[in-house]
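For reference, the structure discussed in these notes is given below.
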Amino acid sequence: MTSWRYPIIVYMVSSKGLDVIWLSLDRVDNKYSSTSYSLAKELSKTNRVFFVDNPATYGELIKKTGKDASDVYTKVSGTPEKFLAFRPHRTWPVNWLNKEWLYTLASAVNNQLFMASLRRLIRDQRINDFVFVNVFDPFYARTFAKDINPRLKVYYSVDDIRHSPYVAKHGPRLEQEIVKNYDLTLTTSRQLQTLLSAYGNNVQNLPNAADIALFKTVQQKTFDRPEELQGVNNPVIVYTGHLDWRVDIPLLMSVAERNPDKVLLLVGPVSVSEETLSALKRLPNVIQTGSKPIELLPSYLQYSHCAIIPFKCNTLTESIYPLKINEYLAAGLPVVSTSFSLDIRQFENVIALENQIPEFNQAIQLGVETDTTVKKAERVRAAEKNSWPARAEMFWELVNKNINR
């Protein structure tokens, strides 16, 4: 008796030709750099990427803090041709609801509004084969309408949602749900990978990176001295990024107080208390610039002599892989940081890690006094391993592997 064996044909799918619909909690017009925007922009060099803003609510319309129009497409200056931003339909403000069942009902209504916008995006842009990526926004697209079928559903966690202001109210429960339902979960830090692996079987680490080419310009060209540093001849200690709940304020203030011969430069948005802000402003050697576009940061770093990351060391920060570490290193600056996470400790060969006020400030002084061109080159080499092109390659490797499963 003849036995017939039919061959199993496996069709391998690659990233070529796949579109990416990229839902982001961080909107495209945020005033500071973000993992979401940076990676989406990099992916759009080869694939069409539709960057979908977290929907604005009618509450924001009343407060006049959100854009008026909905279902709007925008070409963003400085992005590749294949990058297109999309502002979906407004939704109802529901985060204030306390009862879980009531929030669930209201959230389902919002998701229907979001799906309607998603349906329009797919129709208008003639999207057929796509990967859906949800970046830290489990409030939408936990479930999909039956006629919307991504090739792969990817959730990307960039922070410990339990400790993020505002989203912590409903976010942890919703994030657990989305990790269970999606095909692949990515995390920016190893601690986040450990935390979310409790809720899903396919959680992978895709660390933060930096625009290395942009920040290497600090070593390659001369920028005009920023207006805030005109007339400043003392060494400059710089902190870039959000001055918020992550920052150890007593440590930060000690940097100004214990280094009176230097200037403490703070570049970025501020959301600390008025009391804290006033205390900082009273220090004579502190300069605050407010938010600056990422393209301007190299000019501030070029006129700085040491960069710091004075984060608290607790469960709030142990899941953080900060964007700024690779930006600082690509600029060639000495870096002093607290040892707040596994991810920051992997840089211990090229940065100083100190948790106590005296040692932290001694490390700043040592960094300024002992900096050399050899050390600068070593820092740049360390940063070059963590570029957005490298992360985009990792992203597609993970996506292709999971699609072909």
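Looking at Gln302, its side chain does come within 3.5 Å of a backbone N or O of Phe223 through a donor-acceptor pair. The backbone N or O of Arg87 lies less than 3.5 Å from no partner atom in the side chain of Asp53, so there is not a single donor-acceptor pair. A donor-acceptor pair is defined here as one N or O able to donate and one able to accept, closer than 3.5 Å; no such pair exists between the side chain of Ser304 and the backbone of Cys306. Remark: side-chain polar atoms of Tyr156 are paired, donor with acceptor, to backbone N or O of Leu206 under 3.5 angstrom. Formation of a donor-acceptor pair under 3.5 Å by the Lys75 side chain with backbone atoms of Phe83 is found in this model. With hydrogens and angles ignored, the 3.5 Å screen pairs a side-chain donor or acceptor of Gln230 with a backbone N or O of Arg225. Formation of a donor-acceptor pair under 3.5 Å by the Lys312 side chain with backbone atoms of Trp245 is found in this model. For Asn134 (side chain) and Tyr140 (main-chain N/O), a donor-acceptor pair under 3.5 Å exists by modelled atom type.
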Show the numbers, then the answer: is there a salt bridge (charged side-chain N to carboxylate O under 4.0 Å, His left out) between Arg162 and Asp160? CA-CA 5 Å; Arg162 298 173 302 173; Asp160 188 341; 2.7 Å; yes
Take Val76 and Tyr37 through the side-chain contact (heavy atoms from CB on, under 4.5 Å) test and state the conclusion after the steps. CA-CA 11 Å; Val76 182; Tyr37 177 67; 3.8 Å; yes
Taking it one step at a time, do Val255 and Phe360 satisfy side-chain contact (heavy atoms from CB on, under 4.5 Å)? CA-CA 8 Å; Val255 171; Phe360 194 93; 3.9 Å; yes
Salt bridge (charged side-chain N to carboxylate O under 4.0 Å, His left out) between Lys375 and Asp371: does it pass, once the steps are laid out? CA-CA 7 Å; Lys375 289 182 179 180; Asp371 198 16; over 6 Å; no
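Separating the CG atom in Leu323 from the CD1 atom in Ile294 is a distance of 7.5 Å, to the nearest 0.5 Å. Atom CZ in Arg190 sits 8.5 Å away from atom CZ in Arg345 (nearest 0.5 Å). The distance from the CE atom of Met253 to the CG atom of Leu280 is 5.0 Å, given to the nearest 0.5 Å. If you take CD on Glu378 and OG1 on Thr372, they are separated by 8.5 Å, rounding to the nearest 0.5 Å.
Judged purely by distance below 3.5 Å, without hydrogens or angles, the side chains of Arg391 and Ser38 never pair a donor atom with an acceptor atom. Donor-acceptor pairing under 3.5 Å is lacking for the side chains of Thr317 and Arg246. Judged purely by distance below 3.5 Å, without hydrogens or angles, the side chains of Asn259 and Asn361 pair a donor atom with an acceptor atom. A donor atom on one side chain and an acceptor atom on the other are not found under 3.5 Å apart for Glu175 and Tyr199.
Evaluated for a salt bridge (Lys or Arg N to Asp or Glu O under 4.0 Å) with Asp19, the options Lys82, Arg151, Arg48 yield exactly one hit, Arg48. Among the candidates Leu264, Val267, Leu277, the single residue satisfying the side-chain contact (heavy atoms from CB on, under 4.5 Å) test with Gln288 is Leu277. Pro310 pairs in a side-chain contact (heavy atoms from CB on, under 4.5 Å) with only one of the listed residues (Leu252, Val336, Asn355), which is Leu252.
Checked for salt-bridge contact, Glu60 and Arg27 meet the test: a charged N lies under 4.0 Å from a carboxylate O.
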